[in-house]
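As C-alpha cells, the structure follows; a few thoughts come after it.
Remember, it's a predicted structure, so these values are computed and weren't measured experimentally. Positions are given from 1, in the same order as the sequence printed here.
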Amino acid sequence: MPIWSVHFDLLILPSLLLQLLLLLSPPLESGAQNDTEPIILEGKCLVVCDSTPSSEPAGSALGMSVRSGSGRVAFSASRQTNHEPTDMSNRTMIIYFDNILVNVGTHFDQESSVFVAPRRGVYSFNFHVVKAYNRQTIQVSLMVNGWPMISAFAGDQDVTREAATNAGLVILEKGDKAYLRLERGNLMGGWKYSTFSGFLVFPL
C-alpha cells in the first residue's frame with residue numbers, strides 16, 4: 001500500500017467520526033425561545049410576546065397580546081350656572097364645576113372640584129372663564145396644594161362677556177391637588193362657557 005494512501009486515511013478518519021457523532025447526538029433543547037417575558041412600557045402597557053402562538057391566535061397572528069393598563073388620566077368639566085362669590089359659603093373661593101364632560105381615571109372629584117394626581121408626572125391644565133358683568137375684572141388662578149401656578153385676567157370695563165384663558169404644564173407628585181380659585185369678579189357659566197380641563201402628558 002502506498003504511504004500517501006495511509007496518510008490520507010489518517011487525515012479523513014477524524015472528520016468521519018465527528019460527522020457520525022453529530023448525527024447520533026440528540027438535538028439541543030432551547031428553553032429560552034418558548035419563555036414569555038413581560039415587558040412594562042410607559043403608561044403601564046403590558047406586552048407579552050410568545051414565540052409559539054396557538055394555531056388560532058386571538059388578536060395577532062404573531063402571537064403578541066397587548067393589555068392596556070390604567071395609565072390614561074384626563075378630565076374636563078364645565079359650569080352650568082353663574083358663579084356668585086357673595087352667595088357662596090365656600091370662603092376658599094374654589095370654583096365648582098357641576099357638569100363633568102370627561103373623567104378618565106376618576107381622579108377629578110366633582111363634589112370638591114379638585115383634581116388629585118394619581119402619580120408623579122407632567123400634567124397639562126387649561127381653563128377658560130367668562131365674566132358675567134361689565135365694569136369689573138376677573139382673575140382666576142390654577143392652584144396646586146394651595147399655591148398659585150398660573151393666572152388669567154379679563155378686565156375690559158366696557159365688555160360684558162370677556163373671557164380669560166390660560167394653560168400650562170405642571171409637574172405634580174402623587175397626591176398633589178390642583179383646582180381653580182376665583183380671585184376676583186364673577187364667572188358666567190349659564191351656557192357652559194367656564195371650563196376646566198387637564199390630562200397626564202407622561203409619567204416621570
Side-chain angles (χ1 to χ4, degrees), residues 40-46 67-133 136-156 159 161-204:
I40 305 299
L41 303 179
E42 270 191 12
K44 288 188 176 180
C45 179
L46 179 61
R67 304 166 191 165
S68 61
S70 57
R72 298 179 179 179
V73 179
F75 76 92
S76 184
S78 66
R79 282 193 59 84
Q80 299 187 95
T81 60
N82 285 343
H83 187 279
E84 297 289 349
T86 56
D87 298 333
M88 292 180 59
S89 59
N90 175 27
R91 295 183 180 181
T92 61
M93 303 307 293
I94 295 177
I95 301 174
Y96 289 102
F97 295 88
D98 52 6
N99 182 40
I100 302 299
L101 303 174
V102 174
N103 197 9
V104 178
T106 64
H107 300 292
F108 181 80
D109 182 66
Q110 182 177 1
E111 183 177 355
S112 63
S113 292
V114 174
F115 172 78
V116 181
R119 72 201 63 183
R120 185 174 190 268
V122 176
Y123 292 80
S124 174
F125 294 98
N126 68 84
F127 56 88
H128 180 87
V129 299
V130 181
K131 69 177 185 177
Y133 311 105
Q136 68 162 313
T137 298
I138 62 171
Q139 178 184 349
V140 178
S141 296
L142 171 66
M143 312 293 294
V144 174
N145 299 331
W147 295 92
M149 305 301 292
I150 56 176
S151 297
F153 299 86
D156 193 331
V159 178
R161 304 294 186 252
E162 185 183 8
T165 302
N166 209 341
L169 298 177
V170 181
I171 295 179
L172 298 182
E173 302 292 336
K174 181 179 180 180
D176 283 353
K177 298 180 178 180
Y179 55 90
L180 294 185
R181 184 173 70 184
L182 181 64
E183 306 287 1
R184 25 183 324 200
N186 300 296
L187 302 184
M188 178 184 176
W191 288 272
K192 306 179 184 180
Y193 285 162
S194 298
T195 60
F196 179 35
S197 304
F199 62 90
L200 172 64
V201 180
F202 54 83
L204 295 176

Of all residues at least two apart in sequence or in a different chain, which pass the side-chain contact (heavy atoms from CB on, under 4.5 Å) check with [X]?
{"X": "Thr165", "value": "His128"}
{"X": "Ala167", "value": "Asn126"}
{"X": "Asn103", "value": "Phe75, Ile100, Thr106, Phe108"}
{"X": "Ala154", "value": "Ile138, Glu162, Ala164"}

Review point. Quick one: CD1 on Ile94 to CG on Leu180, what's the gap to the nearest 0.5 Å?
Key: 9.5 Å
Review point. For the atom pair CZ (Arg119) and NE2 (His107), what is the distance rounded to the nearest 0.5 Å?
Key: 6.5 Å
Side chains of residues 193-204: which donor-acceptor partners sit under 3.5 Å, not counting sequence neighbours?
from   : atom 1 : to     : atom 2 : distance (Å)
Ser194 : OG     : Met188 : O      : 2.9
Ser197 : OG     : Ser76  : OG     : 2.7

**Study point:** Test applied, side-chain contact (heavy atoms from CB on, under 4.5 Å); reference residue, Tyr123; option that passes from Leu172, Ile171, Leu169
**Key:** Leu172
Exercise for review: Give the intermediate values and the outcome of side-chain contact (heavy atoms from CB on, under 4.5 Å) for residues Thr81 and Tyr96.
Suggested key: CA-CA 10 Å; Thr81 60; Tyr96 289 102; over 6 Å; no
Exercise for review: Would you please test Phe125 and Val144 for side-chain contact (heavy atoms from CB on, under 4.5 Å) and show each step?
Suggested key: CA-CA 11 Å; Phe125 294 98; Val144 174; 5.7 Å; no
Exercise for review: Output all residues satisfying salt bridge (charged side-chain N to carboxylate O under 4.0 Å, His left out) with Arg181, sequence neighbours left out; order by chain, then residue number.
Suggested key: Glu183
Check your understanding: Can you name the residues that form a side-chain hydrogen bond (donor to acceptor under 3.5 Å, both in side chains) with Ser113, not counting sequence neighbours?
Key -> none
Point to revise | side-chain hydrogen bond (donor to acceptor under 3.5 Å, both in side chains) involving Ser112 - partner list, sequence neighbours excluded | key: Asp109
Review point. Where is the tightest heavy-atom contact between Ala152 and Asn166, given as atom of each residue plus distance?
Key: CB-CB, 4.0 Å
Exercise for review: Not counting sequence neighbours, which residues clear ring pair (Phe, Tyr, Trp, His ring centres under 6.0 Å) with Tyr179? List them please.
Suggested key: none
**Study point:** Residues Gln110, Phe97; criterion side-chain contact (heavy atoms from CB on, under 4.5 Å); working and verdict
**Key:** CA-CA 7 Å; Gln110 182 177 1; Phe97 295 88; over 6 Å; no
Exercise for review: Any pair with a residue in residues 166-180 that passes salt bridge (Lys or Arg N to Asp or Glu O under 4.0 Å), sequence neighbours left out, goes on the list, sorted by first then second residue, please.
Suggested key: Arg120-Glu173
